[in-house]
Amino acid sequence: MGRTRASSFNHQSIRRQQSDLVLPIRRPSYDSHARTQHKPSTTYLSVQTNITHQTGASSVEDSGSEDENSLYQSLLNQYGFIKSSQWITEDDFNQFESNYAPTVKRRLLKWRHLIVENGNRLPPRSSKVKRYIRKGIPAEYRGQAWLYYSGADRMMEANKGLYVDLVQKAEEMGADNENMDIIERDLHRTFPENDRFRPDSSCPAPEDKIRVPIIKSLRRLLLAFSLYAPSIGYCQSLNYIAGMLLLFMNEEEAFWVFVKTITKILPPNVYDVTMEGANIDQNVLMILIYERFPHIWNKISGGKSFWECEEDGTGMPTCSLVTSHWFLTLFINILPVESVLRVWDCLF
């Protein structure tokens, strides 16, 4: 897995100046019917309408386009991801969603009542809040809950203007930022199946993906982070974590939750050059399997105990080469999306 280090940069020395940069403030819609849909641009629509009008088929073409768009939207879950995968069919997903809906509704009502009781604000940590979080944060509160319970909102408040300054500095550096090339390569690999990460249907060329608003936000966030934390710079898989955060909060909020997660919540050195933290995670997972699931351990270890693997120099079972990806992406593309979000609820 590729690693790079950022060029040296002291973010505390940036001069606080007004910037012409305007950061997009974006809130996700969790109503699949209200979601912004991929429609052809105005120019494209006018050309197509003129052509079809000449053939007397405008209404047919418009109806066909609406039907196709409606069909496409029906294939997506509320977060913009395709429902079906190699492990689950669309019908299975719809059945799960139908069974899960009453639970989601019940939890939403409880969270609303909890917030009203606290003066229309998220309540501070408590055993009750902990129990609510473990049962799942409702989608409409998830972004702000992550921001608040991670402590990223306090970090953002204490560093007003820093994100804008970092973005401006990254833009001025351009290709002098040694992380830029690998970040650019990873942008188009980030959630290619997600509705918000796809180019407009009138711009199907791959290079048009970099002009998608959320991709622009992702680029700025990752470049800014490479300057904020030069000991990490950029590591492949960080694009997925940042991309997921951008689905739930605006760009600056996502940056500070990202910073808090990578530098404070996760073990040290997970994403730096040594990746020592990731290796520790692997050892913890392996010893848990050894202690809790001995029948699985015996199949993956060749009959050796955990301590024998440690002592004889052969290292952990080869499956750890696969499981390392679990921790680097925080289970994105490993667990179903809803399960990933439930894990992240507990993380913050």
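Keep in mind the model is a prediction, meaning the values are calculated, not measured.
Listed here is the closest heavy atom pair of Phe258 and Leu238: CE1-O, 3.6 Å. Scanning both residues, Arg189 and Tyr240, for their nearest heavy atoms gives O-OH, 3.3 Å. When all heavy atoms of Leu218 and Ala242 are compared, the closest pair comes out as CD1-CB, 3.5 Å. The nearest pair of heavy atoms linking Asn283 to Phe306 is O-CE1, 3.8 Å. Between Leu227 and Leu166, the shortest heavy-atom contact is CD1-O, 3.7 Å. Closest non-hydrogen pair, Pro138 versus Arg107, comes out as CG-O, 4.1 Å.
Ion pairing of Glu251 with Lys216 is absent here, as no side-chain N (NZ or NE/NH1/NH2) approaches a carboxylate O to less than 4.0 Å.
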(message) I'd like to know whether Trp344 forms a side chain to side chain contact (heavy atoms under 4.5 Å, CB included) with Leu330, so could you lay out the CA-CA distance, the side-chain angles of the two residues, the decisive distance to 0.1 Å, and finally the verdict.
(response) CA-CA 8 Å; Trp344 282 31; Leu330 300 183; 3.4 Å; yes

(request) Would you sort out whether Tyr163 and Tyr228 count as a ring-ring contact (aromatic ring centres under 6.0 Å, His included), showing the intermediate values? (result) CA-CA 9 Å; Tyr163 178 63; Tyr228 180 90; over 10 Å; no

(request) Decide yes or no on side chain to side chain contact (heavy atoms under 4.5 Å, CB included) for Ile241 and Thr329, but give the supporting numbers first. (result) CA-CA 6 Å; Ile241 298 173; Thr329 64; 5.5 Å; no

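In this structure, the side chains of Tyr148 and Pro124 come closer than 4.5 Å at one or more pairs of heavy atoms. Looking at heavy atoms from C-beta onward, Asp281 lies out of side-chain contact with Leu266 at the 4.5 angstrom threshold. The shortest side-chain heavy-atom distance between Ile133 and Trp111 falls under the 4.5 Å cut-off. In this structure, Arg112 and Glu140 have side chains that are in contact, with non-hydrogen atoms separated by less than 4.5 Å. Proximity of Val212 to Arg198: side-chain heavy atoms (C-beta onward) are nowhere separated by under 4.5 Å.
A donor-acceptor pair is defined here as one N or O able to donate and one able to accept, closer than 3.5 Å; such a pair exists between the side chain of Thr261 and the backbone of Val257. Side-chain atoms of Asn118 never come within 3.5 Å of backbone atoms of Val116 as a donor-acceptor pair (strictly under, hydrogens ignored). Checked by atom type and distance alone, the side chain of Ser237 pairs as donor or acceptor with a backbone atom of Leu328 at under 3.5 Å. Panel note: side chain Lys83, backbone Ser74; a donor-acceptor pair is recorded below 3.5 Å. Within the 3.5 Å criterion, the main-chain N or O of Tyr234 finds a donor-acceptor partner in the side chain of Asn179. Using a distance-only test at 3.5 Å, with no hydrogens or angles considered, no donor-acceptor pair links the side chain of Arg196 to the main chain of Ile214. Under the 3.5 Å distance criterion, the side-chain polar atoms of Tyr271 are left unmatched by any main-chain donor or acceptor of Gly233.
In this structure, the separation between CD1 on Ile88 and CG on Asn94 is 9.0 Å, given to the nearest 0.5 Å. Taking OG from Ser305 and CH2 from Trp307, the interatomic distance works out to 8.5 Å, rounded to the nearest 0.5 Å. We find the CD-CG distance between Glu171 and Asn177 to be 12.0 Å, quoted to the nearest 0.5 Å. To the nearest 0.5 Å, the span separating CZ on Phe93 from CD on Glu338 amounts to 7.5 Å. Interatomic distance, Met249 CE to Asp153 CG, rounded to the nearest 0.5 Å: 10.5 Å. For the atom pair CZ of Phe248 and OH of Tyr79, the computed distance is 5.0 Å after rounding to the nearest 0.5 Å.
Open room surrounds CZ on Arg134; 12 or fewer heavy atoms of other groups in view lie less than 6.0 Å from it. Heavy-atom contacts from other residues, nucleotides or ligands closer than 6.0 Å to OH of Tyr100 number more than 12.
There is a path of hydrophobic side-chain contacts, each under 4.5 Å, that joins Met156 to Ile265.
With no hydrogens or angles considered, no side-chain donor-acceptor pair links Trp146 and Ser150 at under 3.5 Å. Looking at Thr274 and Asp272, their side chains do bring a donor and an acceptor atom within 3.5 Å of each other. Neither side chain, Asp91 nor Gln95, offers a donor N or O lying under 3.5 Å from an acceptor on the other.
Exactly one residue among Leu222, Leu162, Leu221 makes a side chain to side chain contact (heavy atoms under 4.5 Å, CB included) with Phe255. That residue is Leu221.
Both tests do not hold together for Arg220 against Phe225: distance to the six-membered ring centre under 6.0 Å, angle to the ring axis within 45°.
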